[in-house]
Amino acid sequence: MISNTSIEKVKTESGKEIGRQAQKSASTRKVIVEAALTCITKYGYANTTTPIIAKEAGLSRGAMMHHFSNRLTVIQAAIEYLHEKRLRAFRRAVRNLPKDTPQLHDGLKAYWKHVTHPLYVAFHELAVASRTDKDLAKILRPAQKAFYDEWYNLSYDLFPEWKSDPAALELAMDLVNTTLEGMAIRHLSLPGDTKREERLFGYLEKCLAALKPSQ
């Protein structure tokens, strides 16, 4: 006869085993997703195939396909992971800004650090590829919208004085986004052109100051 204690022990051990398996599975999925982003950065989106991702992850293609049924599901998970990492990185940058009176310059530098992060290269590759890949576009565009919505909310928290003129803040954020992301793309092909970058920073600050609501 099996005692209640023995049954509970089996249940507990079974739960622990399931928990370990789930952790192992999640860890393997993370390795695959990070490998996919690395491959996108190294080889571009078009050349990031499942065999190449599996090789980068140190897994057989069969082992990888156990977690992701096809290339697109890997890419979808990679995009979700990428956008969450981008948001976390930007939140960290915002937290490190002066707490008393954050200046426009500080905010611009925080976003510049964000768009020059290695992860941004992967995002740029995906954004360009989505222009002609409808399946990729369906995945990427909602993730992009979620990112920018969160970015705008963080900007409201950082510069509460702009809340009196939401239209001006939206224009300012669009100006920052377009200018700095454009600069980041040029930075990929022309790195080290700091003199021009600083000149653009100065001009952008003047434009933002002109948009800032009067107290």
Exercise. Does the pair V115 and F123 meet the rule for a side chain to side chain contact (heavy atoms under 4.5 Å, CB included), with working shown?
Worked result: CA-CA 10 Å; V115 296; F123 164 74; over 6 Å; no

Exercise. Roughly how far apart are E125 CD and I40 CD1, rounded to 0.5 Å?
Worked result: 8.0 Å

Exercise. Ignoring hydrogens and geometry, is there a side-chain-to-backbone donor-acceptor pair from S27 to Q23 under 3.5 Å?
Worked result: no

Exercise. Minimum heavy-atom separation for A36 to A78, with atom names?
Worked result: CB-CB, 4.2 Å

Exercise. Taking only residues two or more places apart in sequence, or in another chain, which ones meet E80 in a salt bridge (charged side-chain N to carboxylate O under 4.0 Å, His left out)?
Worked result: none

Seminar exercise, completed: With sequence neighbours left out, the residues meeting side chain to side chain contact (heavy atoms under 4.5 Å, CB included) with E170 are Y152, D174

Problem set entry | Side-chain touch H117/K85, heavy atoms, less than 4.5 angstrom | no

Seminar exercise, completed: Applying salt bridge (charged side-chain N to carboxylate O under 4.0 Å, His left out) to R88 and not counting sequence neighbours gives E84

For this session: May I ask you to check whether H187 and W112 place their ring centres under 6.0 Å from each other?
Result: yes

Seminar exercise, completed: Taking every heavy atom of K163 against every heavy atom of P166, the minimum-distance pair comes out as O-CD, 3.6 Å

For this session: Give a yes or no on whether V128 and L126 share a hydrophobic cluster (residues Ile, Leu, Val, Met, Phe, Trp, Tyr; joining criterion: side-chain heavy atoms under 4.5 Å apart).
Result: no

Exercise. Out of curiosity, does V74 fall in the hydrophobic cluster containing V31 (side-chain heavy atoms, cut-off under 4.5 Å, transitive links)?
Worked result: no

Problem set entry | Whichever hydrophobic residues join Y43 through chains of side-chain contacts under 4.5 Å | I52

For this session: Locate the shortest heavy-atom distance separating P142 from I139; write the atom from each residue and the value.
Result: CD-O, 3.4 Å

Problem set entry | Cationic N near anionic O, under 4.0 Å, K42 to E56 | yes

Exercise. For the hydrophobic clusters of this structure (ILVMFWY residues joined by side-chain heavy atoms under 4.5 Å, transitively), does one cluster hold both L140 and L72?
Worked result: yes

Exercise. Any luck finding a side-chain donor-acceptor pair between R61 and T50 under 3.5 Å?
Worked result: yes

Exercise. Heavy atoms, side chains only, cut-off 4.5 Å: are M173 and L208 in contact?
Worked result: no

Problem set entry | Atom pair OG (S130) and CD1 (I75), whose distance is rounded to the nearest 0.5 Å | 12.0 Å

Problem set entry | side-chain hydrogen bond (donor to acceptor under 3.5 Å, both in side chains) between H124 and E181, intermediate numbers included | CA-CA 9 Å; H124 178 60; E181 292 199 9; over 6 Å; no

Exercise. Is it true that atom OH of Y203 has more than 12 heavy atoms of other residues, nucleotides or ligands lying nearer than 6.0 Å?
Worked result: no

Exercise. Who pairs with K109 by side-chain hydrogen bond (donor to acceptor under 3.5 Å, both in side chains), at least two apart in sequence or on another chain?
Worked result: E198

For this session: Quick one: list whatever passes side-chain hydrogen bond (donor to acceptor under 3.5 Å, both in side chains) with E34, sequence neighbours left out.
Result: Y81

For this session: Identify the heavy atoms of L108 and L180 that sit nearest to each other, and give their distance.
Result: O-CD1, 3.6 Å

Seminar exercise, completed: Separation between SG (C207) and CG (L200), nearest 0.5 Å, reads 10.0 Å

Exercise. Do Y148 and Y120 sit in the same hydrophobic cluster, where Ile, Leu, Val, Met, Phe, Trp and Tyr count as joined when their side-chain heavy atoms come under 4.5 Å apart?
Worked result: yes

For this session: Would you give the length of the straight line joining atom CG of L211 to atom CH2 of W162, rounded to the nearest 0.5 angstrom?
Result: 5.5 Å

Exercise. Would you say the side-chain atoms of R71 pair up with the backbone N or O of T48, donor to acceptor, closer than 3.5 Å?
Worked result: yes

Exercise. More than 12 heavy atoms of other residues, nucleotides or ligands under 6.0 Å from CZ of R196: is that the case?
Worked result: no

Problem set entry | Interatomic spacing from CZ in F147 to CG in L82 - rounded to 0.5 Å | 9.0 Å

Exercise. For the atom pair CZ (F68) and OG1 (T28), what is the distance rounded to the nearest 0.5 Å?
Worked result: 10.0 Å

Exercise. Is the backbone of L175 close enough, under 3.5 Å, to the side chain of T178 for a donor and an acceptor to pair up by distance?
Worked result: no

